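The structure displayed is predicted, hence computed values, not measured ones. Every chain is numbered from 1 and lettered A, B, ... according to where its sequence line falls, protein lines coming before strand lines.
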2 protein chains.
Amino acid sequence: MTKQLTVAVVGATGAVGSKMMEQLIKRNFPIGDIKFLASARSAGKSIEFNGKTYTIEEATPEAFEGVNVALFSAGGSVSAALAPEAAKRGAVVIDNTSHFRMDPEVPLVVPEVNRGDLAKHKGIIANPNCSTIQMVAALEPIRAAFGLTKVLVSTYQAVSGAGISALQELQTQSANWDAGKEVEANILPSGSDKRHFPIARNVIPQIDKFTDNGFTYEEMKMINETKKIMHAPELKVAATCVRVPVVSGHSESVYIEVEKETTVQAIFEVLRNAPGIELQDDIATQTYPMPIYAEGEDATFVGRIRQDLDNKKGFHLWIVSDNLLKGAALNSIQIAEAMLEDNLL
Amino acid sequence: MTKQLTVAVVGATGAVGSKMMEQLIKRNFPIGDIKFLASARSAGKSIEFNGKTYTIEEATPEAFEGVNVALFSAGGSVSAALAPEAAKRGAVVIDNTSHFRMDPEVPLVVPEVNRGDLAKHKGIIANPNCSTIQMVAALEPIRAAFGLTKVLVSTYQAVSGAGISALQELQTQSANWDAGKEVEANILPSGSDKRHFPIARNVIPQIDKFTDNGFTYEEMKMINETKKIMHAPELKVAATCVRVPVVSGHSESVYIEVEKETTVQAIFEVLRNAPGIELQDDIATQTYPMPIYAEGEDATFVGRIRQDLDNKKGFHLWIVSDNLLKGAALNSIQIAEAMLEDNLL
């Protein structure tokens, strides 16, 4: 009989938190007991889970006593303050924020790519950035088969990655646009940055704030996290991250260079047998991934694979996945499942 | 006194044709006489131009008698049939379709880049593909200063590039989406292809149909036209072309490699002095180009310029321009203006 676990969800009412709850139910995660934690402001409110009503408790250090798995998705500052407290009390924290991702003591895991890193955990596992997860999930099988020297990615990222309030703003802006009314912007590109721009009928080449080198934090996350997850510090990675008016489903135009000469057919074969990957690539039937069809799906979809015309070791790919699922909630639960199977929980 | 010219507009009621008419007026093009030509089906209808009403005439070979400049924007088959007839009668054809672009006898011109090619014309000048024009306009000053060996582009192309009916479909789909109704698709990615997908809340990684090598015609246009316009057959170019739910304004995430080591500051300097280019690049004030702000503007906007972290000769850029203006109508009129100035008309 499977062990029954005590689970805590921190940030259950957010875009990712609510998907985590759905995934726990859908995947029949062995929950003995579950608690929902939030700031003092939200404590006392009710929340529905699997047909029962729970009262949200205040997320204090003591609230993690007796918890086996703590799923954090309530912002970096909450994770910074409370994840170590939860870990200290014996919980395994699976943290969906960026706070611990580059900490050398914290495994950053996509189970299909670097499941082995889970065993090195010291109480906290970081769930990678959404746009990184789907990219490494698709590239790892190619790297394993042919080697990988270079990755250049331009993203087309969905609004749900910026949270529920950003999604509401897209809806309002779009309705106002349709009605010929003024379009207001208060959230994107980044709630914590100074200026805000409409996303309806627009694309915004900024996700998260800028770092000093001219790349945004989102771009640096893709660059640094990819190297860490793939154990490839020498891999050349560059990213341009762009927000597009899509609800859920990040798309990525990716150019890679491999070590050994290969063919599109050989890459097809590798991806057909790769865990979590669904190949959607047939130009005769216009088959390729698109975000509206990826929404709600577990897989990472790959298509438009073609050899570069100037470099036999260069290939172009188009990678799409639901940023709230494989990009966040699903990957978090898969980390917990892998830890259970590997006797780490 | 400037010469007064007889101008013919073929395809005046299309998305590009109507912008051509606006540009002729706005730029005070020296029109002595103007006529509007279309298929027999549209002949006899009225059209307004600069406060006067004109009757659309049938586009027959004879209709081009006495015409100095014929602006074609009515589809490749119309240009194929009638552009040589117009040229034979002494008109200079400026053709906005793809039909003649790769013809070695036909100059393919962005005046800021290869104005000198106009003198080699034999009656037909081709206006390049929209997504190509803005890219070469931004890259030519960089190439001239530092050399250019490689271009990798991922596009975020507006719906108006697919014509007025595609724009109407975006509006209808978006309104239906907002109202929670079924979303139908009948045009994109390509009216002449078999399957159609919604563009509202979606991105479609196909523009135009597929060629046998897995690239689309749009992608091959960007690759081949860039080399032709820049007189750089050895330049490595690759493209992934994607449609996004934007009205007008194509955006491009471009990675380039230059010959001589340089700096972002030196590229800023070159672009500040480049004709037709407006630098919008200041991360401190979140200043970068976006399509909703480029719509209706003549310039090609460039921003997000940063040096690659692995390659000192590698740079990333974000290029945005109104696809109906510099990408089509404006460039066509600029070709006519350059020919006038260079005594080629």
Side-chain angles (χ1 to χ4, degrees), chain A residues 150 152-154 156 170-171 174-175 177-178 183 189 193-195 197-198 200-206 210 212-216 223 236-238 240 242 244-247 249 251 253 255 264 283-293 303-311 314 316 318 320, chain B residues 150 152-156 170-171 174-175 177-178 183 189 193-195 197-198 200-206 210 213-216 223 236-238 240 242 244-247 249 251 253 255 264 283-293 303-311 314 316 318 320:
Chain A
K150 188 180 181 122
L152 270 174
V153 55
S154 296
Y156 303 67
L170 166 61
Q171 287 304 114
S174 185
W177 182 287
D178 289 345
V183 168
D193 213 339
K194 296 176 292 288
R195 296 178 70 193
F197 308 112
R201 306 294 199 281
N202 197 20
V203 302
I204 306 178
Q206 182 193 349
F210 283 99
D212 291 339
N213 67 8
F215 287 78
T216 60
I223 293 168
K236 292 174 183 169
V237 188
T240 299
V242 180
V244 297
V246 163
V247 172
S251 305
S253 169
Y255 169 74
V264 168
I283 60 174
T285 58
Q286 294 170 262
T287 299
Y288 38 70
M290 282 180 279
I292 50 166
Y293 302 113
R304 298 277 348 252
I305 304 173
R306 56 213 195 278
Q307 193 163 35
D308 190 67
L309 301 175
D310 297 306
N311 182 352
H316 304 269
W318 176 253
V320 180
Chain B
K150 189 181 180 117
L152 269 174
V153 55
S154 296
T155 70
Y156 303 67
L170 166 62
Q171 287 304 112
S174 185
W177 182 287
D178 290 345
V183 168
D193 213 340
K194 295 176 293 290
R195 296 178 69 194
F197 307 112
R201 304 296 199 281
N202 198 20
V203 302
I204 306 178
Q206 182 193 348
F210 283 99
N213 66 8
F215 288 77
T216 59
I223 293 169
K236 292 173 182 170
V237 187
T240 298
V242 180
V244 296
V246 163
V247 172
S251 305
S253 169
Y255 170 75
V264 168
I283 61 173
T285 58
Q286 294 169 262
T287 299
Y288 37 70
M290 283 179 280
I292 51 167
Y293 303 112
R304 298 273 355 249
I305 304 174
R306 56 213 194 277
Q307 193 163 32
D308 191 67
L309 301 175
D310 298 306
N311 183 351
H316 303 269
W318 176 253
V320 180

S.K.: Say whether R306(A) and T240(B), considering side chains only, have a donor N or O and an acceptor N or O under 3.5 Å apart.
M.R.: yes
S.K.: Side chain, backbone, both or neither: which part of S251(A) has a non-hydrogen atom closer than 4.5 Å to chain B?
M.R.: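 Only the side chain of S251(A) comes within 4.5 Å of chain B.
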S.K.: Roughly how far, to the nearest 0.5 Å, is the CG atom of N213(B) from the CD1 atom of I283(A)?
M.R.: 7.5 Å
S.K.: Is it the case that over 12 heavy atoms from other parts of the model lie below 6.0 angstrom from the NZ atom of K150(A)?
M.R.: yes
S.K.: If you count heavy-atom pairs within less than 4.5 Å of chain A, which of G214(B), G249(B), G314(B) leads?
M.R.: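 Max contact count across the listed options: G214(B).
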S.K.: Got a second to check how far T287(A)'s OG1 is from R195(B)'s CZ, nearest 0.5 Å?
M.R.: 5.0 Å
S.K.: So which heavy atom on I292(A) is nearest to which on A200(B), and how close?
M.R.: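 Heavy atoms of I292(A) and A200(B) come nearest at CG2-O, 4.4 Å.
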S.K.: Is chain A contacted by the side chain of R201(B), its backbone, both, or neither, given a heavy-atom distance below 4.5 Å?
M.R.: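 Interface part for R201(B): both.
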S.K.: Please flag which part of V203(B) lies under 4.5 Å from any non-hydrogen atom of chain A: side chain, backbone, both or neither.
M.R.: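 Both backbone and side chain.
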S.K.: What is the minimum heavy-atom distance between Q286(B) and Q206(A), and which atoms define it?
M.R.: NE2-OE1, 3.1 Å
S.K.: Given a strict heavy-atom distance threshold of 4.5 Å, which part of F215(B) is in contact with chain A: side chain, backbone, both, or neither?
M.R.: both
S.K.: Let me know if I223(B) has heavy atoms under 4.5 Å from chain A in its side chain, its backbone, both or neither.
M.R.: side chain
S.K.: For the residue pair Y156(B) and Y156(A), does the interplanar ring angle fall in the parallel (under 30°), tilted (30 to 60°) or perpendicular (over 60°) class?
M.R.: parallel
S.K.: Let me confirm one number: the OH-OH distance from Y255(B) to Y255(A), rounded to the nearest 0.5 Å.
M.R.: 9.5 Å
S.K.: Chain B heavy atoms under 4.5 Å from P189(A): which part of the residue, side chain, backbone, both or neither?
M.R.: side chain
S.K.: Parallel under 30°, tilted from 30 to 60°, perpendicular over 60°: which one fits the rings of Y288(B) and F210(A)?
M.R.: tilted
S.K.: Highest number of heavy-atom pairs under 4.5 Å with chain B: which of A238(A), G303(A), P205(A), S154(A)?
M.R.: P205(A)
S.K.: Can you tell which part of L152(B) gets under 4.5 Å to a heavy atom of chain A, answering side chain, backbone, both or neither?
M.R.: side chain
S.K.: How far apart are the closest heavy atoms of Q171(B) and W177(A), and which atoms are they?
M.R.: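 Distance-wise, the nearest heavy atoms are OE1-NE1, 3.8 Å.
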S.K.: Is it the side chain or the backbone of R304(A) that comes within 4.5 Å of chain B heavy atoms, both, or neither?
M.R.: side chain
S.K.: For V237(B), which atoms come within 4.5 Å of any heavy atom of chain A: side chain, backbone, both, or neither?
M.R.: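 Only the backbone of V237(B) comes within 4.5 Å of chain A.
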